[in-house]
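Here's the structure, in C-alpha cells; my notes come after.
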Amino acid sequence: MKITVLGSGTSTGVPEYKCDCDTCEDARTFGSRNYRTRPSIHIEKDEKHLQFDLGPNFIDQIDRNKIEWIDAVVFTHCHADHISGTNDIVMPCRKQKMDMPIYGPEETMLILQRNFDYMFSKDTFQGGGVGHLIPNVVEAKFELHGFEITPIPVEHGSVNTYGYRIGNFGYLPDVKRLPDSSKELLHGIEVLIIDALSFNPRHPTHLSVGESIEISEDLKPKETYFTHIMHRLDHRYFREQCEEQDIELPENVYLAYDGQVIEIE
Ligand SMILES: [Zn+2]
Ligand SMILES: [Zn+2]
Ligand SMILES: [Zn+2]
C-alpha cells in the first residue's frame with residue numbers, strides 16, 4: 001500500500017496569513033517542508049485509490065501529487081478543513097465518467113448534504129459542472145475495493161469524528177482523546193499518522209506533541225508521523241524544539257510533510 005501525504009498542516013495552513021515568524025518565513029521559500037496545506041492523504045493498492053477528506057487544497061493537492069484516479073472518498077469529520085473542497089470532486093468525476101461514492105460518519109454525510117445539496121441529486125439542472133455524490137454512513141469495519149477499513153471513534157470537540165485503520169495503517173488527523181476501546185482497534189498497526197498540532201497540551205480539540213508521543217509509545221507502530229501541524233513546529237529544528245520542551249523524541253517518530261510517500265506491506 002502506498003500512502004501519499006497530500007497535506008500535513010493545520011486548518012489555517014502554514015504559512016499562517018500575515019505571520020512573520022521564522023517558520024512561516026521559511027514556509028514561503030520554494031521547496032520548504034514547512035509549507036503545509038490542509039490535512040489529507042491518498043492511498044493506493046492494486047490500482048485502487050482512496051482519498052481521505054476533501055479540504056480546501058484538494059484539487060491542487062491531487063494535481064501536484066499526480067493522483068490520476070479516485071475510486072471513493074472517505075471522510076473523517078465535517079470540519080471545514082476536511083470538507084470545504086468537496087465541490088472540486090467534479091473534475092475527477094468528469095474525467096472518470098462516474099459518480100463518487102463517499103463514506104463517513106452520519107453527521108458528516110448530513111452536513112455535506114446540507115452544504116452541497118446540489119451534488120446529491122441529479123434532478124435539478126445544474127449545467128455541466130456538478131460531481132454527484134453517493135453517500136454511505138459507516139459505523140463498523142467494512143471492505144472497500146480490497147481495503148479493510150475500520151472507523152476509529154475519537155474525541156475531537158463537539159463533532160463526531162473518526163480516524164481510520166486501513167490494514168496495518170492508522171490515520172488519525174484530528175483527535176484530542178483516544179478512548180481505550182478505540183486504542184484496541186489499532187492494536188498491531190505498523191504505521192501511524194496522528195494529530196500533533198503543537199506543543200500545547202491544553203488545546204481543547206487537538207493532541208500535543210507530548211500527548212501523541214505517549215499514544216505512539218502505547219500503540220508501538222514501527223513508524224509514527226505527526227500531521228495537522230501548526231507553524232510552531234519547524235521541520236528544521238524539531239528535535240531541538242522537543243528538547244527545549246523537555247520532550248524526548250523517539251527515533252521512529254517524525255513530522256509528516258506535504259508530498260511525503262510512505263510504503264507499507
Ligand atoms: Zn508563523
Ligand atoms: Zn477537526
Ligand atoms: Zn482538521
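When a residue number appears, it is its place in the shown sequence, counting from 1. Whatever order the structure lists them in is the order used to number ligands and atoms, beginning at 1.
One finds an angle of 110° at the Zn ion (ligand 1) between SG on C21 and SG on C19, to the nearest 10 degrees. The Zn ion (ligand 1) is the vertex of the angle joining SG of C24 and ND1 of H231, which measures 110° to the nearest 10°. Around the Zn ion (ligand 3), the angle linking H82 (NE2) with H228 (NE2) is 120°, rounded to 10 degrees. Geometry at the Zn ion (ligand 2): ND1/H79 and NE2/H156 form an angle of 90°, nearest 10 degrees. Note: angle at the Zn ion (ligand 3), from OD2 of D81 to OD2 of D174, is 170° (rounded to 10 degrees).
H206 lies apart from the Zn ion (ligand 2) in this respect, since none of its N, O or S atoms is found at a distance under 2.8 Å.
Between the side chains of D174 and T161, no donor-acceptor pair is found at a separation under 3.5 Å.
Heavy-atom minimum distance, T150 versus K141: OG1-CG, 3.6 Å.
The pair E211-K176 meets the salt-bridge criterion, since a charged nitrogen lies less than 4.0 angstrom from a carboxylate oxygen. Remark: D46 does not engage K48 in a salt bridge, criterion side-chain N to carboxylate O under 4.0 Å. Comment: R38 does not engage D53 in a salt bridge, judged by the lack of any side-chain N to carboxylate O separation of less than 4.0 angstrom.
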